[in-house]
Every structure is written in structure tokens, then in C-alpha cells.
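Computed from heavy atoms alone, side chains included, the values below leave out hydrogens, waters and symmetry copies.
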Amino acid sequence: MSCLKAELIIETANKIIKQEANSLLIQFFQLLYRHFNNATIKVKMTDGTEDNNTPSSFTFRMNAPDGNGSYGIVVGSGSTAVDICNDYALENKLDLDHSAVIVEATTCKSGIIEIAIKRDITNNSGSEVTINEVGLYCYGGGSTKIHCIDRTVLVEPITLQNEQTMKVTYKLKYVA
């Protein structure tokens, strides 16, 4: 059966975690609807307010530059189960150091279309942090309209020591 899948890969000095990131949120599909229909519809942003824009060339942009943790791949400490119809942000987003987001070119091999989104995140908080959730934040109609399109609660939390870096990769795949 054909399906859209997301895979999450997290690498630290001590371990590698791979899990399905089957938590695409309603905002992902609402932004698609906005584009497919060239429609003005309300889509909840990460601050809980609604953006009522038309399609924009900014929509889905997540290639945040070095040092900008407001969009792209983000992490948090929340552990509440994902509610795909009602979640609109990470439960508790952590303020860590973010490298630039790298969005790799789309590939198509053996019946699988894939795009990878990558980012390094470093803990320079002065103490260890526990990461329980990872999200994809993107623009929805300009640089002030930020939406969470995926929130994944990790099967196994990551403890990141001070000055330790983790590599996070999202792979969005369509499997024919």
C-alpha cells in the first residue's frame, strides 16, 4: 500500500535512535490545502494564534540559518502524547544552539521518493537537558507566520550533556 512516511534519526556521541515520525499535524495538510486551492484559510501558528493568509512563496520554508531556532528542526522536553488534530507546537520547546538547517535534494529510487532535512543542535545551557520531542517548524506565509507541521514524541528520551551536540535528520518519504 502506498503511503507518506516520516523517519526521524537522532545521533549523539553515545547512540543512534531511528523511529517513525508519524506525527504530521493538521497544519501540514491545511498549508497544502491553502496552496492546492489558492485559498485563504486559517492555520494555527506555534504561538496559538491563527494566520489567515493566502499561499506564499515562504510557505513550508524551514531552511533556518545558523543560530536561528525559531523554525526548522526544533526540540523540546514535553512528553504528552501527540494529538494530530489539536497540537500546534512542541509542548516545551528548548532554547539550545542550532546550526543551519540543510534540506537535501529530493531523490527517487526503487519506488521511494525521499527528502531529508538535517540540523545539528548543541546544548550550551550549562547543564544537561532531556529531549523528549522533536518538531518541524516552517513558515506559513511570511517570516512571522510559523507553523508546526510535525511533532514527534521520542520512544527513548535523549539526555544531552552540556556542550554535547546531536544530529537530527527528518526523512519525508513517499513509498509506492
Side-chain angles (χ1 to χ4, degrees), residues 5-25 27-28 31 44-49 51 58-84 86-107 112 114-140 142-173:
K5 290 184 173 189
E7 179 182 34
L8 181 61
I9 303 164
I10 300 175
E11 301 174 57
T12 67
N14 305 334
K15 65 172 109 177
I16 297 175
I17 295 175
K18 291 184 179 185
Q19 77 175 64
E20 284 193 39
N22 288 334
S23 302
L24 289 172
L25 302 178
Q27 289 80 220
F28 175 76
L31 291 172
K44 195 172 275 192
M45 295 185 295
T46 58
D47 66 2
T49 63
D51 134 37
F58 283 96
T59 303
F60 290 114
R61 183 173 294 176
M62 62 182 68
N63 60 336
D66 188 49
N68 186 333
S70 65
Y71 69 110
I73 296 173
V74 294
V75 296
S77 61
S79 58
T80 302
V82 176
D83 180 341
I84 62 171
N86 294 302
D87 282 357
Y88 56 87
L90 292 184
E91 182 180 357
N92 187 28
K93 186 172 170 283
L94 294 170
D95 185 21
L96 302 176
D97 290 341
H98 297 78
S99 72
V101 173
I102 297 167
V103 180
E104 295 184 342
T106 304
T107 61
I112 299 173
E114 180 178 288
I115 188 166
I117 304 150
K118 299 180 175 187
R119 177 175 242 179
D120 291 352
I121 298 174
T122 302
N123 175 16
N124 285 323
S125 69
S127 59
E128 75 177 29
V129 295
T130 300
I131 296 162
N132 291 310
E133 58 183 340
V134 180
L136 279 178
Y137 281 20
C138 71
Y139 287 170
S143 61
T144 61
K145 311 291 186 194
I146 298 175
H147 302 274
C148 182
I149 60 171
D150 181 277
R151 176 178 175 254
T152 296
V153 174
L154 300 176
V155 173
E156 181 182 341
I158 298 284
T159 300
L160 205 58
Q161 300 300 322
N162 187 48
E163 298 184 355
Q164 188 177 15
T165 298
M166 62 188 273
K167 296 179 179 297
V168 183
T169 303
Y170 263 94
K171 290 185 177 182
L172 298 176
K173 302 177 182 186

Between L172 and I117, is the side-chain contact (heavy atoms from CB on, under 4.5 Å) condition met? List the steps. CA-CA 8 Å; L172 298 176; I117 304 150; 4.3 Å; yes
Go through E7 and K173 one step at a time and tell me if the salt bridge (Lys or Arg N to Asp or Glu O under 4.0 Å) criterion holds. CA-CA 8 Å; E7 179 182 34; K173 302 177 182 186; 3.3 Å; yes
Write out all pairs satisfying salt bridge (Lys or Arg N to Asp or Glu O under 4.0 Å) with one or both partners inside residues 69-82, taking only residues at least two apart or from two chains. none
Is any side-chain heavy atom of T130 closer than 4.5 Å to one of I158? no
Residues at least two apart in sequence or cross-chain that pass ring pair (Phe, Tyr, Trp, His ring centres under 6.0 Å) with F60, listed by chain then number, are F28
Is it true that atom NZ of K118 has more than 12 heavy atoms of other residues, nucleotides or ligands lying nearer than 6.0 Å? no
How about I17 and V155: do any of their side-chain heavy atoms sit closer than 4.5 Å? no
Roughly how far, to the nearest 0.5 Å, is the OG atom of S23 from the CD1 atom of I149? 12.0 Å
V153 backbone acceptor or donor facing Q19 side chain under 3.5 Å: yes
If every non-hydrogen atom of N132 is compared with every non-hydrogen atom of G78, which pair is closest and at what distance? CB-O, 3.1 Å
Taking atom types as modelled, find out whether E91 and T80 have a side-chain donor-acceptor pair closer than 3.5 angstrom. yes
Nearest 0.5 angstrom please: L24 CG to I84 CD1, how far? 8.5 Å
Could you tell me whether the side chains of N92 and S77 share a donor-acceptor contact shorter than 3.5 Å? yes
Supply the atom-to-atom distance E128 CD to Q161 CD, rounded to the nearest 0.5 angstrom. 4.5 Å
Nearest 0.5 angstrom please: C148 SG to Y88 OH, how far? 11.0 Å
What one should report as the nearest heavy-atom pair of F58 and Y139 is O-CB, 3.2 Å
For the residue pair I73 and H98, what are the closest heavy atoms and their distance? O-CD2, 3.7 Å
Within 6.0 angstrom of D95 CG, more than 12 heavy atoms from elsewhere: no
With a 4.5 Å limit on heavy-atom distance, are the side chains of E114 and E104 in contact? no
Do side-chain atoms of T59 reach the backbone of G140 as a donor and acceptor pair under 3.5 angstrom? yes
Residues I121, D97; criterion side-chain contact (heavy atoms from CB on, under 4.5 Å); working and verdict: CA-CA 6 Å; I121 298 174; D97 290 341; over 6 Å; no
Is a side-chain N or O of Y137 found less than 3.5 angstrom from the main chain of L90, in a donor-acceptor match? yes
Heavy-atom pair with the smallest gap, counting every atom of G72 and V101: CA-CG2, 3.9 Å
Can you see which heavy atom on D83 is nearest to which on L25, and at what distance? O-CD2, 4.3 Å
Verdict with supporting geometry, T49 and D51, side-chain hydrogen bond (donor to acceptor under 3.5 Å, both in side chains): CA-CA 7 Å; T49 63; D51 134 37; over 6 Å; no
State, without any angle test, whether S70 and N68 hold a side-chain donor-acceptor pair at a distance under 3.5 Å. yes
Do the side chains of E133 and K93 get close enough for a salt bridge, i.e. N-O under 4.0 angstrom? no
How long is the gap from CD1 on I10 to CD1 on I131, to the nearest 0.5 Å? 7.5 Å
Would you confirm whether N123, through its side chain, and L160, through its main-chain N or O, come within 3.5 Å as a donor-acceptor pair? yes
Verify the distance criterion only: is there a donor paired with an acceptor across the side chains of D150 and T152 at less than 3.5 Å? yes
Kindly indicate, with the supporting measurements, whether the criterion side-chain contact (heavy atoms from CB on, under 4.5 Å) is fulfilled by N63 and R61. CA-CA 6 Å; N63 60 336; R61 183 173 294 176; 2.9 Å; yes
Donor-acceptor contact present, side-chain N162 to main-chain G126, <3.5 Å: yes
Check: T169 and L8 side chains under 4.5 Å, non-hydrogen atoms: no
Looking only at atom types and distance, does a side-chain atom of R119 sit under 3.5 Å from a main-chain N or O of V168, one as donor and one as acceptor? no
Under 3.5 Å donor-acceptor, T12 side chain and N14 backbone: yes
Under the 3.5 angstrom rule, does the side chain of T122 hit a backbone N or O of E163 as a donor-acceptor pair? no
From I9 CD1 over to I16 CD1, what is the distance, rounded to the nearest 0.5 angstrom? 8.5 Å
For P65 and Y71, the nearest pair of non-hydrogen atoms, with its separation, is CD-OH, 3.6 Å
Does the pair H147 and K44 meet the rule for a side-chain contact (heavy atoms from CB on, under 4.5 Å), with working shown? CA-CA 7 Å; H147 302 274; K44 195 172 275 192; 5.9 Å; no
